[in-house]
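Written below as structure tokens is the structure these notes are about.
Computation of the quantities below employed the complete heavy-atom set of this structure, encompassing side-chain atoms and omitting hydrogens, waters and symmetry-equivalent molecules.
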Amino acid sequence: MLEKYYGEIEQNKNVRENLSLIRGEIKAQDKLAHFFVLAGDGTLLIKLLGREDAKTRKNAALLLGDMGLEAAAEALWDAYCAEETLFVKSAYLTALGKLARPEYLERYESRLAVLTAAAPEDSERKHVTEEIRALEKNITAIRGIRRHTFTGFRSERLLLLAAGREQREAVLAELSEKLHGTGRVHPLGILVQARDLKPFEKLRTYRELLFPIRPAGKQGSASAHAGEISGAPAQLAEALWTSDLPQALAESHREEGPFYFRLEIRGRLAADEKSVLARKLCAELERLSGRSLINLAGSYEAEIRLVQTKDGGYMPFYKLFTWKTQRFSYRKHAIAASVHPATAAAMMQLAKPYLKEGAQILDPFCGVGTMLIERDLCVPAGDKYGIDLFGDAVLMARENASAAGEQIHFINRDYFDFRHAYLFDEIVTNMPVRGKKTKEEMDAFYGRFFKKSGEVLRRGAVLVLFSVEEGFVKKQLRLCREYRLLAEHCIRKKDHFYLYVIQYQGE
């Protein structure tokens, strides 16, 4: 089809449409090399940059960029400078950005200075913002991003140890145990006051560390919702820019210069609504900040997160990527069924009263090894064995354990065929989900699991099970009198995931 489309362009037929079709075919079917044969040195496409139709100019420019034709650079720049239709200008810059032209840096910076010095008309703002964004992308590609170094806070700040509703108990317990600290419950986790972030490296039960953003006039409030903001994108941007965010970023980093950020919106808005809101809000925030805050996908230093509330407003937070946490750096690999390390750590914290130091531990469905690693980090264990039928998962588990500095024996085998020279003190595992199994098949699986576990456990041993199958677990506890339920914790209510601590009292 490329020959047909390009042939019609040569005959001056449906030029705009054929340019678009060529770009689509090149992207979808990887036919760029073939198109090079047709287009040669790009002379025809360069001529099209002078066409009267704006969309033809735009498509021609983008296609020259797709081809990476260095010889077209000056023609693209000249066309960009001469372009009077605003929605086309960013296309030339996008094309130029795909060409290695570091000597254009001064040109880009000069044009950016002109654009950012003037306030565009409302009708022009969208396209001017697109042009500014394209210029900044080209500049950072040449110059690189001048990243900031986190140096810490000068005074105490409010921190949110983000955790699910059901894991807050574990976070509070670990906070008290390891840091002798206290916190208060927030809808999204546990709030604490601190200046130094280093101690929070010791805690494993929270998902991530966030900083609540306090709008102007609300910095001293202790209410969980005191920082809520609302309104149109311009109002949201104004609330963020006049909040404590700019000062907090500046005082906690060594270097000056713009901060690169991304925006995350969480809530019940549809995906397209979130996209529109994010785009408008980011543009307004960049404008208000004088581009001291720049939205840049993929190379950001901070994330601004808006969490929608029931009344339609937003709780604002920021997350720093300049603060490097190593808590879960061992996790090199994961699979779809893997449990998050913070969730695994929270479960071990909840089960801690029943865990024994130096215990011989078995995970019969170990996956990538997360449960075993977090078990040993919670209470030091003795020999640890992980079994899984999925060979790739076992290989991943070995790499993860090595990165964590853990000595764990991983075996690629079916648990029900497993034999060992001695009995175990604990079984710690994330039970397999039902998947395509029928209810009857899953019922039989749990029956086999409890029977098999009785063969490998010593009397008084403990099972720590993470399972979504409450009915099957409880059924086996009724049928198998040698097992006794010691504790039960809801881990994720909406998905019916529970943690069961069970004692084996058999022979």
Side-chain angles (χ1 to χ4, degrees), residues 19 23 32 36 39 41-121 123-148 255-261 279 282-301:
L19 286 171
R23 290 199 74 226
L32 183 57
F36 263 107
D41 61 1
T43 299
L44 176 57
L45 295 175
I46 291 173
K47 288 181 179 179
L48 295 178
L49 297 178
R51 280 297 185 99
E52 183 177 351
D53 178 63
K55 289 189 176 179
T56 295
R57 299 195 299 274
K58 178 179 179 179
N59 285 334
L62 291 171
L63 190 50
L64 285 166
D66 292 338
M67 296 175 68
L69 283 175
E70 295 289 333
E74 278 301 314
L76 285 166
W77 178 259
D78 291 342
Y80 165 65
C81 293
E83 186 60 61
E84 296 181 355
T85 304
L86 289 182
F87 80 83
V88 182
K89 293 185 77 69
S90 62
Y92 298 113
L93 294 169
T94 297
L96 284 164
K98 296 180 179 180
L99 310 180
R101 302 308 292 253
E103 67 273 20
Y104 282 20
L105 177 60
E106 187 175 340
R107 301 184 189 184
Y108 295 147
E109 291 180 327
S110 176
R111 176 60 180 165
L112 180 62
V114 171
L115 288 178
T116 53
E121 299 290 335
S123 60
E124 298 177 347
R125 183 167 294 169
K126 174 184 175 182
H127 300 307
V128 171
T129 299
E130 289 175 352
E131 185 180 352
I132 288 173
R133 202 172 297 282
L135 283 165
E136 286 177 336
K137 185 176 181 180
N138 289 0
I139 289 169
T140 55
I142 296 170
R143 190 177 59 193
I145 293 175
R146 295 172 181 172
R147 298 192 176 277
H148 295 79
E255 298 82 4
E256 297 182 351
F259 277 88
Y260 296 93
F261 75 96
R279 186 173 65 251
C282 287
E284 282 296 315
L285 192 52
E286 287 181 339
R287 183 183 66 82
L288 284 172
S289 70
R291 312 199 75 72
S292 63
L293 293 174
I294 297 177
N295 179 226
L296 188 65
S299 298
Y300 45 84
E301 301 172 291

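- For Val128 against Pro120, the heavy-atom pair with the smallest separation is CG2-CB, 4.0 Å.
- When side chains are defined from C-beta on, Leu48 does not count as touching Leu63, because their heavy atoms never get closer than 4.5 Å.
- Atom CG of residue Leu115 and atom CZ of residue Arg111 lie 4.0 Å apart, to the nearest 0.5 angstrom.
- Shown here for Arg23 and Asn59, the closest heavy-atom pair between the two residues is CD-O, 4.0 Å.
- When the shell of 6.0 Å around NZ of Lys58 is examined, it contains 12 or fewer heavy atoms from other residues, nucleotides or ligands.
- Residue Asn295 holds its CG atom at 9.5 Å from CD of Glu136, rounded to the nearest 0.5 Å.
- Considering only residues two or more places apart in sequence or on other chains, Glu286 meets the salt bridge (charged side-chain N to carboxylate O under 4.0 Å, His left out) condition with Arg133, Arg291.
- The CG atom of Leu112 sits 4.5 Å away from atom CD1 of Ile139, with the distance rounded to the nearest 0.5 Å.
- Residues satisfying the ring-ring contact (aromatic ring centres under 6.0 Å, His included) test with Tyr260, not counting sequence neighbours, are none.
- Under the rule for a side-chain contact (heavy atoms from CB on, under 4.5 Å), the partners of Ala54 that lie at least two apart in sequence or sit in another chain are Arg57, Thr85, Phe87, Val88.
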Can I get a per-line list of side-chain donor-acceptor pairs under 3.5 Å for residues 90-99, giving both atom names and the distance, sequence neighbours left out?
{"residue": "Tyr92", "atom": "OH", "partner": "Glu83", "partner atom": "OE1", "Å": "2.7"}
{"residue": "Thr94", "atom": "OG1", "partner": "Ser90", "partner atom": "O", "Å": "2.9"}
{"residue": "Lys98", "atom": "NZ", "partner": "Asp66", "partner atom": "OD1", "Å": "2.9"}

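- In terms of the side chain to side chain donor-acceptor pair (under 3.5 Å) criterion, Thr116 has no residue partners (sequence neighbours excluded).
- We find the CG-CD distance between Leu86 and Glu130 to be 10.0 Å, quoted to the nearest 0.5 Å.
- Residues passing the side chain to side chain donor-acceptor pair (under 3.5 Å) test with Arg147, sequence neighbours excluded: none.
- Here Glu103 pairs with Arg101 under the side chain to side chain donor-acceptor pair (under 3.5 Å) rule; sequence neighbours left out.
- Among residues two or more places apart in sequence or in another chain, the ring-ring contact (aromatic ring centres under 6.0 Å, His included) test is passed with Phe261 by none.
- Annotation: side chain of Leu69 is not in contact with side chain of Ile46 (no heavy-atom distance under 4.5 Å).
- Here the OG-CD1 distance, from Ser299 to Ile294, works out to 12.0 Å after rounding to the nearest 0.5 Å.
- Considering all non-hydrogen atoms of both residues, Thr129 and Ala283 come closest at CG2-CB, 3.8 Å.
- Atom NZ of Lys89 sits about 6.5 Å away from atom SG of Cys81, to the nearest 0.5 Å.
- Of all heavy-atom pairs between Glu131 and Tyr80, the closest is OE2-OH, 2.6 Å.
- Counting non-hydrogen atoms of neighbouring residues, nucleotides and ligands closer than 6.0 angstrom, the CD atom of Glu256 reaches no more than 12 such neighbours.
- In terms of heavy atoms, Glu284 sits closest to Arg125 at OE2-NH1, 3.2 Å.
- Qualifying salt bridge (charged side-chain N to carboxylate O under 4.0 Å, His left out) partners for Glu124, counting only residues two or more places apart in sequence or in other chains: none.
- Looking at residues two or more places apart in sequence or on another chain, you find no side-chain contact (heavy atoms from CB on, under 4.5 Å) involving Glu52.
- Every side chain to side chain donor-acceptor pair (under 3.5 Å) that Thr56 has, sequence neighbours left out, goes to Asp53.
- Sorted by first then second residue, the side-chain hydrogen bond (donor to acceptor under 3.5 Å, both in side chains) pairs that include residues 67-78, not counting sequence neighbours, are Glu74-Tyr104, Glu74-Arg107.
- Considering all non-hydrogen atoms of both residues, Ala60 and Leu45 come closest at CB-O, 3.9 Å.
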